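Read the structure below first, then the notes.
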Amino acid sequence: MCIVKIVLLIEHSGKTGYQSVRMSDDVDLEALVNDMNSSLESLYSSCSGQQTESTPLLHNGQTSSSHVSPEPPSSSSSRLQEEEQQLRTSSLPAIPNPFPELCSPASSPVLSPGSLPPGEPSSGKYIVKIFSEDGMGKVVEIPADMTARDLCQLLVYKSHCVDDNSWALVEHHPLLGLERCLEDHELVVQVQASMNSDSRFLFRKNYAKYEFFRNPLTFFPEHMVAWCQETNHTIPPSQLLQNFLATSSCPEIQGHLYMKDVGRKSWKKVYMFLRRSGLYCSTKGTSKEPRHLQLLADLEDSNIFTVITGRKQHGAPTDYAFCIKPNKGRGEMKELRMLCAEDEQSRTCWMTAFRLFKYGIVLYQNYKIPQQRKTLLSHFSAPVRSVSENSLVAMDFSGRIGRVIDNPVEAQSAAMEEGHAWRKRSQRMNILGSHSPLHHSSLSSVIHIAQLWFHGRITREESHRIIHQQGQVDGLFLLRVSQSNPKAFVLTLCHHQKIKHFQILPCEEDGQVFFSLDDGATKFTDLIQLVEFYQLNRGVLPCKLKHPCTVVAL
């Protein structure tokens, strides 16, 4: 039989001493150690809590009924604590405090002032100013951990915009002529800390932010994408994005770019390669040998920007300039790596690949989050309407008794018929000379003014700028007043990253004015009807109208 000898510290009737206990090997030692630990804890708390009087504890945990006069400070108390501490350290393992930040230096459970969690209004709030396209700004107070997506959601709510997951926060540098869209996961406060005093945030639409996930072949031409190991084989279309997102694969973007020498105004055409490790240029033709490659920029410590004043400010050879700017730079011109592509598709390919190489799967997560939220809140996906409007139902009064239309298709058809009947009634009333201040000629010219896609009297160059800013995706459009014919309008449409213009001419038939895109073959009473038709039918256009260019006022 194995005999275990354990020394216990026992306090009884105000006396302290040692007692030896002999136990057999069938005793639960772990339970005994735990009981000893709890006894020591109670003993330590009772000893340390004595101030003016001492209340000894009995073995059953009850306080003694007899009052004991306070003992003067003596060496016995300190000796007791020393013996208890020695016993604790010798018999029990040292367990580190799992929550050191919750304790003060004296190991008390009280929070110290320096250990309070961040995010309090006094120290965790920051002021950010956001500008809209019309130059107006709005000051917003945000926490330090607010992302660009969260701030866009806040601005959408405050500005009463339609939340279609296409809004973006733009980092704009007017003196350098640069801008870029913040990624959804980026912290706004951190980006603002790296910006200059003249830089600002813009709130605008960007339909092309994740368009490469929907149509990757348009963004990555076959001749620009190749394997690092096998330069003679291109990536299969089915695995294009998978190879960009997977860290084990090694795709690269290759092609000629114009590069501006640092400190000079001249541009030279060189062959470049974009890989996960950075942007390289070949010092000998199109050679990919390591001894011929020169590192131009590191992706981790840089961001890629669109150059909006390439020709005017930087003397770029084409209109498709972009640059790589270091994150910790002071915003000086000599720190920028200025580049220029031959066309818009090439520039988009280089810039999109830079984002994919830098952020990887995080971009795909940013793209999927709004879709997952839309799936969870599918019953809220319809535009928000008033309570009175939600209480309306489709009714059919063609018979003697009105009936509720339950079929959604029939209800939509009835709504369209009602809309056409309203237009006919308004035209007939205006022709007969009603007292309405809007006659037919004025009605057709002002009914579209409040629409988001109508931009009034802007120039062709201004329409190009708006299309470029909001993303050159198929179906992005706006309507404007024609500069050559004051009575006509122009439809500006983006298709295959090219901007096209279609003139909308007025035509008269039986004393009534119509609008047409195809020389009168298809006529519409107003521009709203025309836009609604081409949103459902391509007609003479290269694609349907999908995304209206919207300018919001904060």
Side-chain angles (χ1 to χ4, degrees), residues 101 114-132 137-159 161 163 165-174 176 178-206 208-210 213 245 247 276 297-306 322-331 335-336 351-352 354-373 469 471 552 554:
E101 66 277 4
S115 63
L116 291 175
E120 297 298 325
S122 59
S123 61
K125 296 292 183 178
Y126 295 84
I127 300 299
V128 177
K129 191 170 185 180
I130 314 296
F131 291 86
S132 58
K138 173 178 289 188
V139 176
V140 183
E141 187 181 31
I142 64 173
D145 59 347
M146 175 168 278
T147 62
R149 181 197 296 276
D150 296 334
L151 182 54
C152 287
Q153 294 290 325
L154 178 64
L155 295 175
V156 166
Y157 172 76
K158 288 182 174 292
S159 304
C161 305
D163 186 10
N165 300 317
S166 59
W167 294 98
L169 200 63
V170 180
E171 178 185 352
H172 181 68
H173 300 270
L176 300 176
L178 311 177
E179 65 180 26
R180 76 174 182 99
C181 285
L182 270 66
E183 304 297 344
D184 288 342
H185 65 275
E186 289 190 79
L187 298 180
V188 180
V189 175
Q190 290 184 359
V191 177
Q192 182 177 242
S194 64
M195 295 168 58
N196 299 329
S197 57
D198 62 293
S199 305
R200 57 174 60 181
F201 285 124
L202 302 178
F203 180 59
R204 71 159 68 119
K205 288 273 192 178
N206 186 8
K209 196 170 187 179
Y210 301 115
F213 283 118
L245 297 175
T247 56
R276 299 187 190 277
D298 186 10
L299 275 62
E300 294 296 330
D301 300 328
S302 306
N303 280 315
I304 194 163
F305 286 77
T306 302
F322 62 100
C323 81
I324 298 177
K325 177 179 177 294
N327 295 335
K328 299 181 180 180
R330 293 175 294 178
E335 299 174 343
L336 305 179
M351 298 183 67
T352 305
F354 185 98
R355 295 171 56 200
L356 282 171
F357 285 151
K358 181 176 181 179
Y359 299 108
I361 197 65
V362 178
L363 282 186
Y364 186 72
Q365 294 172 353
N366 293 341
Y367 164 66
K368 295 297 293 184
I369 285 176
Q371 296 183 349
Q372 295 172 355
R373 185 183 63 179
Q469 287 180 349
V552 65
L554 292 175

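All values reported here derive from a predicted model rather than from experimental measurement. Just so you know, residue 1 is the first one in the sequence shown, and it goes up from there.
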[X] side, atom [atom1]; [Y] side, atom [atom2] - distance, nearest 0.5 Å:
{"X": "Y126", "Y": "E141", "atom1": "OH", "atom2": "CD", "answer": "11.5 Å"}
{"X": "L245", "Y": "F213", "atom1": "CG", "atom2": "CZ", "answer": "5.5 Å"}
{"X": "M351", "Y": "C323", "atom1": "CE", "atom2": "SG", "answer": "8.5 Å"}
{"X": "C181", "Y": "I304", "atom1": "SG", "atom2": "CD1", "answer": "12.5 Å"}
{"X": "C152", "Y": "N206", "atom1": "SG", "atom2": "CG", "answer": "10.0 Å"}
{"X": "D150", "Y": "L155", "atom1": "CG", "atom2": "CG", "answer": "11.0 Å"}

Quick check: does any side chain N or O of K358 sit under 3.5 Å from a backbone N or O of S302, one acting as donor and the other as acceptor? yes

Please report the C-alpha distance between T306 and L178 in whole Å, then the side-chain angles of each, then the deciding distance to 0.1 Å, and finally whether the side-chain contact (heavy atoms from CB on, under 4.5 Å) criterion is met. CA-CA 6 Å; T306 302; L178 311 177; over 6 Å; no

Minimum heavy-atom distance between [X] and [Y], given as atom pair plus value:
{"X": "P326", "Y": "E335", "result": "CD-O, 3.3 Å"}
{"X": "R200", "Y": "M195", "result": "N-CE, 3.5 Å"}
{"X": "S132", "Y": "L202", "result": "O-CD2, 4.5 Å"}

Quick one: does [X]'s side chain get under 4.5 Å of [Y]'s, heavy atoms only?
{"X": "M146", "Y": "V189", "answer": "no"}
{"X": "I130", "Y": "L169", "answer": "yes"}
{"X": "L336", "Y": "K325", "answer": "yes"}
{"X": "Q153", "Y": "N165", "answer": "yes"}
{"X": "I142", "Y": "V140", "answer": "yes"}
{"X": "V156", "Y": "C161", "answer": "yes"}
{"X": "V128", "Y": "F201", "answer": "yes"}
{"X": "L299", "Y": "R276", "answer": "no"}

Could you walk me through whether L151 and F203 pass the side-chain contact (heavy atoms from CB on, under 4.5 Å) check? CA-CA 10 Å; L151 182 54; F203 180 59; over 6 Å; no

Test ring pair (Phe, Tyr, Trp, His ring centres under 6.0 Å) applied to H173 - qualifying residues, sequence neighbours left out: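 Partners of H173 by the ring pair (Phe, Tyr, Trp, His ring centres under 6.0 Å) criterion, ordered by chain and then number, come out as F305.
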
Do NZ/NE/NH1/NH2 and the carboxylate oxygens of R180 and E186 come within less than 4.0 Å? yes

Do the ring planes of Y359 and H185 sit parallel (below 30°), tilted (30 to 60°) or perpendicular (above 60°)?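 The arrangement is perpendicular - the two ring planes meet at more than 60°.
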
For T147 and D184, run side-chain contact (heavy atoms from CB on, under 4.5 Å): C-alpha distance rounded to whole Å, both residues' side-chain angles, the deciding distance at 0.1 Å, then the answer. CA-CA 6 Å; T147 62; D184 288 342; over 6 Å; no

Residues which pass side chain to side chain contact (heavy atoms under 4.5 Å, CB included) with D198, listed by chain and number, not counting sequence neighbours: P174, L175, N196

Ring centres of F131 and H172 under 6.0 Å apart? no

Could you walk me through whether I369 and R149 pass side-chain contact (heavy atoms from CB on, under 4.5 Å), step by step? CA-CA 10 Å; I369 285 176; R149 181 197 296 276; 4.0 Å; yes

